[in-house]
Structure formats: structure tokens, C-alpha cells
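In what follows, a structure is listed as C-alpha cells, so that the remarks can point back to it.
Values below: all heavy atoms of this structure, side chains included; hydrogens, waters and symmetry mates excluded.
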Amino acid sequence: MKRFDQINMIPFIDIMLVLLAIVLTTATFVSQGLIEVNLPTAEQVSEPPEDEEPLEIAIDAQNQLFLAGELVTLEQLAEKLGTQAKPETLIVLRIDKAAVFEHFVKLIDLLKAKELSNLSIQAQQEP
């Protein structure tokens, strides 16, 4: 019986390279703001004021949370809001209409806990 002394590392390296390519591709889409959010429709839609730079928070159809186009967890969002947002900061919420309502409620609860109440919920105009 032949003894097995070594491990072939080539398949492992191939898998790691594929995973690296996937991560880099995903990071490129996130950084370019290509996050697809299918907004709900409403009759009364207005644009946020142009004089201030809003902080954008999005939840996509897969219930992933994004802060300024960057994928984050709820805990990371809480941490970043503590450093980036002041009570007067305008926060624009872009929530996909297929997202689970529970995620929206958790987001609003977090914003209340951080005393951030200057909110704008983005929707698209009904045709």
C-alpha cells in the first residue's frame, strides 16, 4: 500500500483565486453604486434638498444593508452612524419593495436609538 505523505495544493489555490475574483467583482459593483433597489411607488414624491449631502442607507431585495453603497451589517451600521452622523444629518432610506418589513423596522429602531430623526424615505413616482 502506497503511503500518502503530501497534499496537492493546486485545487485549493484555484478555489481561492475564484473566490478572490468574486469578491473583487462584487466590491466593484458596490463601490460604483450599482446596487439595484426596486423602490415602491407613491403619488406624492419629492426630491431631497440639494444644499446638503444626505447619508444614504439602502436595503435591497435580498435584505442586505448598505451604507453609502457599502455592504454592512446592522452592528457595523450602528458603529458607523455613531461616528458619521449628527442629529441634523439628512438620512435617505432606499428600501426595496421586496425587502422584509422586519429589516426596515430594525433600521428605524437603530436610527431612533442614535437620535437620528431627519429621515427621507425614497420612492418612485407612480406612472
Side-chain angles (χ1 to χ4, degrees):
M1 182 175 206
K2 186 176 179 181
R3 189 169 167 200
F4 185 69
D5 284 342
Q6 54 190 346
I7 296 175
N8 186 358
M9 292 296 290
I10 293 175
F12 176 72
I13 294 170
D14 289 344
I15 291 171
M16 293 306 291
L17 288 174
V18 168
L19 290 175
L20 178 64
I22 291 170
V23 167
L24 291 177
T25 303
T26 305
T28 302
F29 284 120
V30 169
S31 69
Q32 291 177 353
L34 299 176
I35 301 164
E36 185 66 33
V37 175
N38 190 8
L39 296 173
T41 57
E43 289 183 24
Q44 304 300 317
V45 177
S46 61
E47 293 294 320
E50 302 250 344
D51 57 338
E52 58 183 297
E53 184 67 31
L55 187 61
E56 184 179 294
I57 300 174
I59 300 176
D60 67 2
Q62 289 76 34
N63 300 307
Q64 295 177 315
L65 189 61
F66 297 89
L67 173 63
E70 178 184 335
L71 182 63
V72 293
T73 64
L74 198 60
E75 294 78 22
Q76 291 170 333
L77 178 64
E79 191 176 295
K80 289 184 179 192
L81 285 176
T83 60
Q84 292 182 5
K86 297 173 180 58
E88 65 274 2
T89 302
L90 175 62
I91 298 174
V92 175
L93 302 178
R94 299 183 70 228
I95 314 298
D96 193 289
K97 62 183 176 182
V100 176
F101 186 65
E102 179 183 8
H103 295 282
F104 175 73
V105 171
K106 287 181 181 180
L107 175 60
I108 295 296
D109 189 46
L110 171 68
L111 294 172
K112 277 185 171 181
K114 297 288 183 182
E115 298 179 0
L116 300 170
S117 59
N118 190 8
L119 304 176
S120 174
I121 299 174
Q122 195 171 23
Q124 59 185 356
Q125 184 76 37
E126 285 185 350

Legend entry - Whether K114 side chain and G82 backbone form a donor-acceptor pair below 3.5 Å: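 Not confirmed, K114 side chain does not pair with G82 backbone.
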[atom1] of [X] to [atom2] of [Y]: how many Å apart, nearest 0.5 Å?
X: L90; Y: N118; atom1: CG; atom2: CG; result: 5.0 Å
X: L74; Y: L110; atom1: CG; atom2: CG; result: 5.5 Å
X: L77; Y: I57; atom1: CG; atom2: CD1; result: 5.0 Å
X: S120; Y: R94; atom1: OG; atom2: CZ; result: 11.5 Å
X: I59; Y: I95; atom1: CD1; atom2: CD1; result: 4.0 Å
X: H103; Y: N63; atom1: NE2; atom2: CG; result: 3.5 Å

Count the heavy atoms of every other residue, nucleotide or ligand shown that sit under 6.0 Å from [atom1] of [X], and state whether that count exceeds 12.
X: Q76; atom1: CD; value: yes
X: L19; atom1: CG; value: yes
X: L17; atom1: CG; value: yes

Determine whether [X] and [Y] fall in the same hydrophobic cluster, where Ile, Leu, Val, Met, Phe, Trp and Tyr are linked whenever their side-chain heavy atoms lie under 4.5 Å apart.
X: L119; Y: F101; answer: yes
X: I121; Y: V100; answer: no
X: I15; Y: F12; answer: yes
X: V72; Y: V105; answer: yes
X: V23; Y: V18; answer: no

Legend entry - Check: L55 and L67 side chains under 4.5 Å, non-hydrogen atoms: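 Yes, close enough: below the 4.5 Å cut-off.
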Legend entry - Side-chain touch L93/I108, heavy atoms, less than 4.5 angstrom: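 A side-chain contact exists here, since the closest heavy-atom pair is under 4.5 Å.
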Inset, instruction - Measure across F66 and D60 and return the closest heavy-atom pair with its distance rounded to 0.1 Å. - result: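 What the structure gives for the nearest pair is CE1-OD2, 3.5 Å.
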Inset, instruction - Please report the shortest heavy-atom distance between D96 and A61, naming the atom on each side. - result: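 Closest heavy-atom pair between D96 and A61: CB-N, 3.6 Å.
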Legend entry - Set of salt bridge (charged side-chain N to carboxylate O under 4.0 Å, His left out) partners for K112, sequence neighbours left out: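 Expected list: none.
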